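Scroll down for the structure; my scribbles are underneath it.
Letters A, B, ... are given to chains in the order of the sequence lines, protein chains preceding strands, and every chain is numbered from 1. Nothing here was measured: the structure is a model prediction, and the numbers come from that model.
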2 protein chains.
Amino acid sequence: MIKKLFLLFLLTCWSGIAQSEDQKQIKALYEAALTEGKAHDWLNHLSNQIGGRLSGSIQAQRAVDYTKAQLDLLGLDRVWLQPVMVPKWVRGTPEFAYLETVPGMSTNVPICALGGSVATPLGGLKAEVIEVKGVEELKALGNAKISGKIVFYNRPMDPTLINTYAAYSGCVDQRYSGAEEAAKYGAVGVIVRSMSLRLDDYPHTGAMSYGDTPVNQRIPAAAISTKGANLLSATLELSPNTQFYFKQNCRQLEDVQSYNVVGEIRGSTYPEEIMMVGGHLDSWDLGDGSHDDGAGCVQSMDVLRLLKKTGYKPQRTLRVVLFMNEENGLRGGNKYAQLAKEKGEKHIFALESDAGGFTPRGFSFDCSDANFEKVQSWKELFEPYLIHLFVKGGSGADIGPLKNDDMVLAGLRPDSQRYFDHHHAENDTFEHVNKRELELGAATMASLVYLFDKYGIVPPKKIKG
Amino acid sequence: MIKKLFLLFLLTCWSGIAQSEDQKQIKALYEAALTEGKAHDWLNHLSNQIGGRLSGSIQAQRAVDYTKAQLDLLGLDRVWLQPVMVPKWVRGTPEFAYLETVPGMSTNVPICALGGSVATPLGGLKAEVIEVKGVEELKALGNAKISGKIVFYNRPMDPTLINTYAAYSGCVDQRYSGAEEAAKYGAVGVIVRSMSLRLDDYPHTGAMSYGDTPVNQRIPAAAISTKGANLLSATLELSPNTQFYFKQNCRQLEDVQSYNVVGEIRGSTYPEEIMMVGGHLDSWDLGDGSHDDGAGCVQSMDVLRLLKKTGYKPQRTLRVVLFMNEENGLRGGNKYAQLAKEKGEKHIFALESDAGGFTPRGFSFDCSDANFEKVQSWKELFEPYLIHLFVKGGSGADIGPLKNDDMVLAGLRPDSQRYFDHHHAENDTFEHVNKRELELGAATMASLVYLFDKYGIVPPKKIKG
């Protein structure tokens with residue numbers, strides 16, 4: 001009994017010590033981020049000296065060079081580039097659109113080509129418009145009502161959803177598949193309401209796909225600003241024969257060489273167990289990609305730097321990966337996973353930040369129940385930093401291809417209210433990123449990495465028999 | 001036994017029903033706020049049609065007229081104005097300042113007079129500077145080193161504190177009492193580093209006091225932007241004899257008539273129990289007071305409107321109060337409490353929103369342990385809206401004078417990271433308020449009001465004997 005009590009006493013002491021050691025290390029990470037973080041400086045360069053970094057662009061290459069050089073300066077054990085071929089789509093000259101109720105009476109509206117779209121004919125495209133709330137409506141309307149027209153997808157994001165990503169997910173099929181579906185019914189073009197909860201004049205671009213549509217049947221697709229969409233809808237109600245004109249000369253070029261940027265601190269005890277943090281280095285071309293996903297890149301870079309700054313030496317190998325081509329191909333994410341598989345690398349943990357540089361609220365986890373339970377036991381450590389959200393859910397597009405049952409995938413979950421005001425639009429720019437919010441995100445990521453490094457993951461149950 | 005089980009069954013059912021009724025009502029409030037909230041429209045008018053609303057100004061009067069008219073439109077049971085005399089301090093012509101290392105070589109720096117400060121002499125004031133980190137340093141320096149100089153308070157806000165209000169509290173004595181203290185040692189003027197965590201060119205004003213300093217011994221006090229403060233500090237290090245020049249012609253006029261704006265829905269069952277929500281209608285004059293505290297006013301107004309919209313009829317009397325003169329006098333808050341006392345009104349609950357229109361994170365409560373426990377039992381109801389923070393702490397300056405042991409005071413706690421970027425500065429403007437974040441705050445307040453209305457507060461324990 002005495003022995004038992006003594007053991008209990010020791011255990012209590014130990015857990016007390018361990019707890020306070022964790023608290024101390026996490027506090028050090030937050031303090032370092034808030035007083036000597038580098039994320040904001042790096043982002044300033046990426047955004048203001050380089051700018052929008054669409055895959056295959058000169059800016060994307062400059063971003064590869066810059067971030068590799070910055071990682072080289074951190075004194076990591078290894079920094080390298082992973083070659084990957086990426087698609088190259090170019091927007092061409094600025095798009096132009098108007099609606100015309102009677103010939104000669106036109107009103108300009110702000111549009112932008114969707115990423116991957118074909119161009120309009122050289123002189124532009126003019127046609128009547130049929131407004132729908134989604135691809136499901138097309139079938140009921142049929143060829144008779146759609147053929148020869150421009151399909152206008154106008155289902156807005158649901159403002160009542162607190163998580164704005166859920167609202168985005170509920171709409172984005174219009175953008176991604178709208179052209180493919182409309183072409184089946186003879187539409188000549190597609191206009192999609194921008195994926196934004198705000199009423200403003202910014203059109204939001206983003207990836208779209210033609211699926212299996214033969215090249216000669218592909219129709220041009222553009223996003224219209226939310227105000228433009230409201231105007232178009234109201235105009236159609238008054239004048240159903242309103243014509244819509246738009247012109248864009250974007251095109252898809254040959255694939256070009258690009259790179260994932262990777263840096264690594266080798267683990268002191270379990271070097272074969274890899275933990276990864278990352279974001280994507282490419283962005284759309286309209287803004288400078290500060291939130292999407294410059295923020296995630298510089299936060300990920302700072303995770304390694306902050307751990308070093310605070311004198312923490314990881315037991316496991318810690319990697320930062322800046323993925324290329326998340327926006328329109330995911331080639332970087334796929335390549336990284338493919339190489340990891342070929343080399344037989346064992347990733348135990350991967351964390352992506354690709355939801356904007358806003359105040360961090362927590363993480364979503366894609367992992368076993370046992371690991372999720374483990375993570376939840378760390379919640380208290382995050383409370384002083386107002387990090388409360390630990391939920392099961394998606395992680396990140398780039399790390400998705402790595403997924404297996406033996407690892408934990410996670411995504412940083414920043415406050416989502418402002419994200420879609422900027423997402424894929426001209427106003428995704430540096431001045432909309434708050435320095436402290438960005439830094440808190442980096443510290444929150446570093447803290448989770450520290451805990452996984454220290455305590456590892458729960459290994460999967462071996463299958464019996 | 002069977003009877004007991006049956007009772008338990010009934011109780012379980014009832015609590016199940018009650019719970020889902022609460023969930024339903026709260027959901028309705030959030031949905032109404034996010035789809036048909038009025039807060040953003042009202043704020044647009046207050047900010048862009050009226051502007052900064054310093055006590056005693058024509059804008060403050062316009063804000064009284066406007067908000068009263070808007071409350072009149074809501075169909076409340078009663079809307080009225082509470083007369084209150086307020087101080088009137090005017091900034092005068094724009095301030096001007098430079099530092100001069102050698103005669104003729106000067107660099108301009110952005111300053112603004114602190115609220116309540118006296119003017120400099122007509123031709124301005126020029127003197128050597130002594131930099132300190134706080135009023136405690138003055139005594140050690142003594143008259144010899146301070147007399148005839150400008151005291152430069154340069155202790156920055158602590159960036160490592162996650163709650164930026166704590167960092168503000170740790171610095172604001174320099175602004176509030178800096179001039180009073182420096183005058184004791186013969187200083188001729190005071191320059192205070194702006195209360196901001198950001199490095200930029202905005203000087204931040206705010207209230208200061210001369211305490212008992214005789215009128216003829218009062219020295220002018222101004223805030224300098226954080227960048228200006230860093231420049232001044234660095235310059236002093238290189239050239240300790242650097243002269244600082246500043247000119248301001250602000251002054252204190254006679255008190256003028258103003259008003260608190262009050263609206264009320266009379267309680268159906270307990271009309272004598274008053275619940276109050278509010279913010280302050282006055283603001284500083286540099287920006288348009290959108291975050292401080294236009295946001296709190298329009299959120300408070302929308303609390304009553306949202307409850308009506310969702311068909312909820314309060315059992316207790318619900319009041320919105322838009323207080324005048326929080327910034328430089330608290331006359332409105334004191335007057336409201338005084339009148340409440342005179343009339344023998346029984347306030348059971350008061351909630352203030354005066355921390356910016358940012359994403360709400362929760363509330364701080366100034367109340368008995370029993371009531372705090374009660375409040376915590378509601379936490380789960382707020383989780384779907386990412387409201388996690390329920391802490392003991394301050395409530396709000398305006399409702400403070402109401403305080404007694406028989407009531408619950410609370411303050412909305414929005415995310416604080418960006419607040420001091422804008423607080424009391426020229427960039428506290430409408431475009432920095434996100435519509436959804438503002439609306440979520442209103443819904444969060446309305447939900448708490450609903451719960452207090454439905455369940456009341458825990459009455460204070462009667463003193464035995």
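When heavy atoms are compared at a cutoff of 4.5 Å, B/Asp421 approaches chain A solely by way of its side chain, counted from C-beta outward. Using a 4.5 Å cut-off between heavy atoms, B/Leu161 contacts chain A through its backbone alone, with no side-chain atom that close. B/Tyr385 touches chain A through backbone and side chain together, each having a heavy atom under 4.5 Å away.
Side-chain polar atoms of B/Asp158 and B/Thr160 form a donor-acceptor pair below 3.5 angstrom. Under the 3.5 Å distance criterion, with hydrogens and angles disregarded, a donor-acceptor pair is assigned to the side chains of B/Glu437 and B/Thr359.
A side-chain donor-acceptor contact under 3.5 Å links B/Lys392 to the backbone of B/Cys367. Distance alone, capped at 3.5 Å, places no donor-acceptor pair between the B/Asp293 side chain and the B/Gly279 backbone.
When each of B/Thr164, B/Ile162, B/Thr35, B/Asn163 is checked for heavy-atom pairs under 4.5 Å with chain A, B/Ile162 comes out on top.
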